[in-house]
Each structure stands twice: as structure tokens, then as C-alpha cells.
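Order of listing sets the numbers, starting from 1, for every ligand and every atom in it. These values consider heavy atoms only, across backbone and side chains, with no hydrogens, waters or symmetry-generated copies.
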Amino acid sequence: MTSTILVTGGLGYIGSHTAVELMERGFDVVILDNLSNSSESVLGGIEKITGKKPKTYIGDIRDREMLQTIFKTDHIDSVMHFAGLKAVGEGEEKPLLYLDNNVTGSITLFDAIMKAEVKRVIFSSSATVYGESDTFKYTEDMPLNPINVYGKTKLKVEEILRELKKTNPTLGIAILRYFNPVGAHPSGYIGENPKGTPNNLMPYIADVAMGIREKLFIFGDDYPTPDGTGLRDYIHVKDLALGHIAALNKLEAHTDLITVNLGTGKPFSVLDLTQVFEVVSGKKIPYEVVSRRKGDVAGCFADPTLAKELLRWEALSDINAMCKDIWRWQQNKINIIR
Ligand code: NAD
Ligand code: UD1
């Protein structure tokens, strides 16, 4: 029998890529998204890639009635829970909005999941839940100490899931801690589309390459790293999507609670990424070094060993492929997003 997966936040960046991978593997996908950071045009991109439009509910994870309708109508086996607000700066300005959307929203969703006797939940957490590490490398058992409201909402939901597991031993739970998702679907039909000025490095560089922004501002070149700029673990969004399918397979075999890093384990600096993007796009990326951004760490990358052992998954795309795919999407998206 075909499994039906509810993908909350399925019209967003990571959710839409995961929906595509699920559909291409024969899963029935049902999307719930309130369009707070996405648009219905994403469905057109999904359809172009897969030949099908997934059933979609435009609504909020905090809407109990809507959840009840979905679980009653669609016989959901598993939930992949991507819906959430993710802008670190906005979270500092509007903590109640972030707590309500990400934490109250998740509690409301989990309540409906328990009532409907759903078998598996996969949750989008973030490397931002970790405290600082001198080696810049994170294993899943390292201390957790998020420094911003956004990170705190992720940790709270992780804690709620650990409590749920104690009273519901048959529920399979995967907490996936993403490092820095970048890239786009190789078809160029779906990708990230940040509203306003991008906060993150890769979409900012892509805007500079397009001539939408004049230059990149590099936030500090005096970090204790080889070239002085920040080191991060950039992971292709397609690999990330496949990590979710690996987690789903794992939970289908064992009803565990697993907490796993999804990263490549390979750090790249801001200057590395800028240089690769210049080669891939054939465009000059002018930059200016400015002071460090508040809240940034010098380096952060995954120890991906557990994902390999437990999920039999590892990220396959290299930094060139990530830059190529975002560049293709960057040139296409004007024609795709209305
Ligand atoms: P995104 O903003 O592109 O997608 C999130 C989607 O959820 C959007 O389509 C939005 O409209 C929807 N949404 C938000 N609140 C909702 C609500 N209350 N009800 C229904 N839908 C709602 O973000 P993304 O990059 O795809 O991230 C997906 C998840 O992964 C988020 O939970 C995010 O915190 C987490 N995450 C993202 C990153 C990253 O760098 N992109 C890193 C670590 C973790
Ligand atoms: C940021 C968030 C993190 C979130 C992640 C993915 C902060 C402090 N952290 O992580 O919580 O999970 O995005 O969405 O916002 N950089 C520049 N110029 C720019 C943009 C970035 O030099 O215009 C540098 C940063 O200093 C950093 C690197 O590029 O060294 C990556 O930055 P970014 O893409 O914003 O990701 P993170 O800071 O790792």
C-alpha cells in the first residue's frame, strides 16, 4: 500500500524539494502551507518536475479544525514537519511570533498527530541548537545552547518530541539537524526565493552575480580560520531531501527516536564560496569586508558519521554542483515565480 506523507511547509524551500523526491519514489504527498514565506506558484514547479500536483491545503499548522480534516480525509502515515519561521533577526524582534508559530504550531500539530495515530514524525531542526565548539565540528551529543530566539524554538520542539516519545513508544521520531542548505533542484524549476534582501550568503552572492546587488559584504576576515572568513558546511538541498527519505526508511524499520546531523562534514569559507561562484557563473563578485555580524560563529560543520551509520545516507553533491544549480535557478526564477 502507498504511504501518504503530510509535508507541512511543503511549498517552502526544503519542503518543496523533499516533496519532489517523495513523489518521484511513489509516495502520496499532501502539503499544508500557509504561504507566509512561499507562493502557490511552487506547485507549478513541482508539477513540471514530477508530472503531478500534490494535494495541497492552504492553511496553518495552528488550525486544529483544518488538521482534523486532513488527518480524517487523507489517511496520513507519516508527517514531515518543515513549517516554521526561520529568520534569525526577525525572531529577535518578534519573539512571541516565533514562539507561537514554531512552538505552539508544533504542539498543535503533534496533538493532531497523536489523535490520528500517525506512525512517524520527521522534524526540521538546525545546527543552530548547538553551543559554540572550539573545533567547529559538531557531533549530535554535544551540548545544546542556542543563542537566538529562532534556535531556542528549535530546541524547545526537540524537547517536546523527546517527551512525546516517553509516553508514545510506538511513535517513530527523527530530529534532523540541518547545517547550511543551499542549491536548487537541478531542473531549475524550484529553488529558494527569499523575500527582500537575503540574509544568507548563497542567495546574496547569486543576487550580486545577477547584478541585482552591487557587491557582497563579507562579515569579518579576522576569524581564526585559514583565510579569516567564516567556515560553514553547505549542503545541497537535494541531498538534504534525500536525508529525509533515508530517515523515513529508518523509522519504517524501527520505531526509534533518532537525532541526526545532516551536513557534508566539509567546511568552506566565505571566500571559497565566492570564488567557486565566480567560476560557475562567469561573473565577477565584487566584495567589501565589513565588521563581523552579531551572533556569528567562526566555524560550524557537521560530523556526518552518525547519518552514515544510522541512515546509510551521505551528501553526494559538491560545492560546484550547489553553485551551478543555484545559478540556473537564479536565472530561471523570474519566469517561474509570478
Ligand atoms: P521556508 O520558509 O522556505 O519554508 C517554510 C514553509 O513553511 C514556508 O512555505 C511557509 O509559508 C510555511 N509556514 C511557516 N509557518 C507556517 C504555519 N504556521 N503553518 C503552515 N505553514 C507555515 O524555509 P525552509 O528553508 O524550507 O525551512 C524549512 C524548515 O527547516 C524550517 O522549519 C526551518 O526552520 C528549518 N531549517 C532551515 C534551514 C535553512 O537554512 N533553510 C536550516 C535549518 C533548519
Ligand atoms: C544562518 C543563521 C542560522 C540558520 C542558517 C540557515 C545567523 C546568525 N545564523 O546561519 O541560524 O540556521 O542561517 O538559514 O543568522 N556572510 C557574509 N555576508 C553575507 C551573508 C553571510 O559574509 O551577506 C557570512 C556569514 O558571516 C557566515 C557565512 O557567510 O560566515 C554563512 O552565513 P549564512 O548563510 O547567513 O548562514 P549562517 O550564519 O551559518
| field | Qualifying residue for side chain to side chain contact (heavy atoms under 4.5 Å, CB included) with M114, from L109, L171, V121 | value | L171

| field | Between CG on residue D221 and OG on residue S291, distance to nearest 0.5 Å | value | 11.0 Å

| Would I258 and L311 count as a side-chain contact (heavy atoms from CB on, under 4.5 Å) if you check the C-alpha gap in whole Å, the side-chain angles of each, and the deciding distance to 0.1 Å? | CA-CA 10 Å; I258 55 174; L311 307 182; 3.7 Å; yes

| query | Do any N/O atoms on Y150 end up under 3.5 angstrom from N/O atoms on ligand 2? | reply | no

| Subset of ligand 2 atoms that lie under 4.0 Å from at least one heavy atom of I218 | 22 (O)

| Of F219, Y178, Y204, which has the heavy atom at the shortest distance from atom 19 (C) of ligand 2? | F219

| task | Any atoms of ligand 2 less than 4.0 Å from a non-hydrogen atom of N180? List them with their elements. | result | 36 (O), 37 (P), 39 (O)

| request: Run the salt-bridge test on K166 and E163 with the 4.0 Å N-O cut-off and return the result as yes or no. | output: yes

List the atom pairs, with distances to 0.1 Å, where a side-chain N or O of residues 5-19 and a protein N or O form a donor-acceptor pair under 3.5 Å, not counting sequence neighbours.
from	atom 1	to	atom 2	distance (Å)
T8	OG1	H81	ND1	2.8
T8	OG1	F82	N	3.0
T8	OG1	A83	N	3.1
Y13	OH	V182	O	3.1
Y13	OH	G183	N	3.4
Y13	OH	G183	O	2.7
S16	OG	G12	O	2.7
S16	OG	Y13	O	3.1
H17	ND1	Y13	O	2.7
H17	NE2	H185	N	3.0
T18	OG1	I14	O	2.8

| message | Distance to the ring centre below 6.0 angstrom and angle to the axis at most 45 degrees; does that hold for R232 and F268? | response | no

| remark: Per side chain to side chain donor-acceptor pair (under 3.5 Å), Y57 is matched among D63, D74, N34, T69 by D74

| request: Determine whether any heavy atom of Y234 lies closer than 4.0 Å to an atom of ligand 2. | output: yes

| task | Quick one, list the residues around ligand 1 where some non-hydrogen atom comes in under 4.0 Å, by chain and residue number. | result | G9, L11, G12, Y13, I14, D33, N34, L35, S36, N37, S38, G59, D60, I61, R62, F82, A83, G84, K86, N101, S124, S125, S126, Y150, K154, Y178, P181

| Proximity to ligand 2 by part of F179, non-hydrogen separation under 4.0 Å | neither

| With a cut-off of 4.0 Å, which atoms of ligand 2 are near a heavy atom of T128? | 11 (O)

| field | Sub-4.0 Å atoms of ligand 2 with respect to non-hydrogen atoms of S126 | value | 12 (O)

| If we only count heavy atoms from C-beta on, is the P146 to Y130 side-chain gap below 4.5 Å? | no

| query | At a 4.0 Å threshold, what atoms of ligand 2 neighbour a non-hydrogen atom of F217? | reply | 17 (C), 18 (N), 19 (C), 22 (O), 23 (O)

| When only distance counts, is V297 in polar contact with ligand 2, meaning an N/O pair under 3.5 Å? | no

| Residue part near ligand 2, for N199, under 4.0 Å between non-hydrogen atoms | backbone

| task | Could you say whether the N/O atoms of V270 and ligand 2 ever approach to under 3.5 Å? | result | no

| said: Quick test of your reading of the model: are K266 and D233 salt-bridged, counting only N-O distances below 4.0 Å? | reply: no

| Can you tell me how far NZ of K308 sits from CD of E314, rounded to the nearest 0.5 angstrom? | 4.5 Å

| query | What part of V88, side chain from CB on, backbone N/CA/C/O, both or neither, has a heavy atom under 4.0 Å from ligand 2? | reply | side chain

| query | Say you draw a straight line from CG of L201 to OH of Y234; how long is it, rounded to the nearest 0.5 Å? | reply | 4.5 Å

| task | Looking only at distances, please establish whether an N/O atom of ligand 2 is found under 3.5 Å from an N/O atom of N200. | result | yes

| said: With a 4.0 Å cut-off on N to O distance, would you call K86 and E192 a salt bridge? | reply: yes

| message | Given T153, which partner from the list N102, D100, T128, N101 fulfils the side chain to side chain donor-acceptor pair (under 3.5 Å) test? | response | N102

| task | Check L201 against ligand 2 and report side chain, backbone, both or neither, counting heavy atoms closer than 4.0 Å. | result | both

| request: Just jot down the ligand 2 atoms closer than 4.0 angstrom to any heavy atom of G230, in number order. | output: 30 (O)

| Atom indices of ligand 2 within 4.0 angstrom of R232 heavy atoms, with elements | 27 (C), 30 (O), 31 (C), 37 (P), 38 (O), 39 (O)

| request: For the residue pair L161 and F123, establish whether any side-chain heavy-atom pair is separated by less than 4.5 Å. | output: yes

| Are the charged groups of E21 and K238 less than 4.0 angstrom apart, N to O? | yes

| query | Is it true that R293 lies under 4.0 Å from ligand 2, counting heavy atoms only? | reply | yes

| message | Within ligand 2, which atoms have a heavy atom of D296 less than 4.0 Å away? | response | 8 (C), 25 (C), 26 (O), 38 (O)

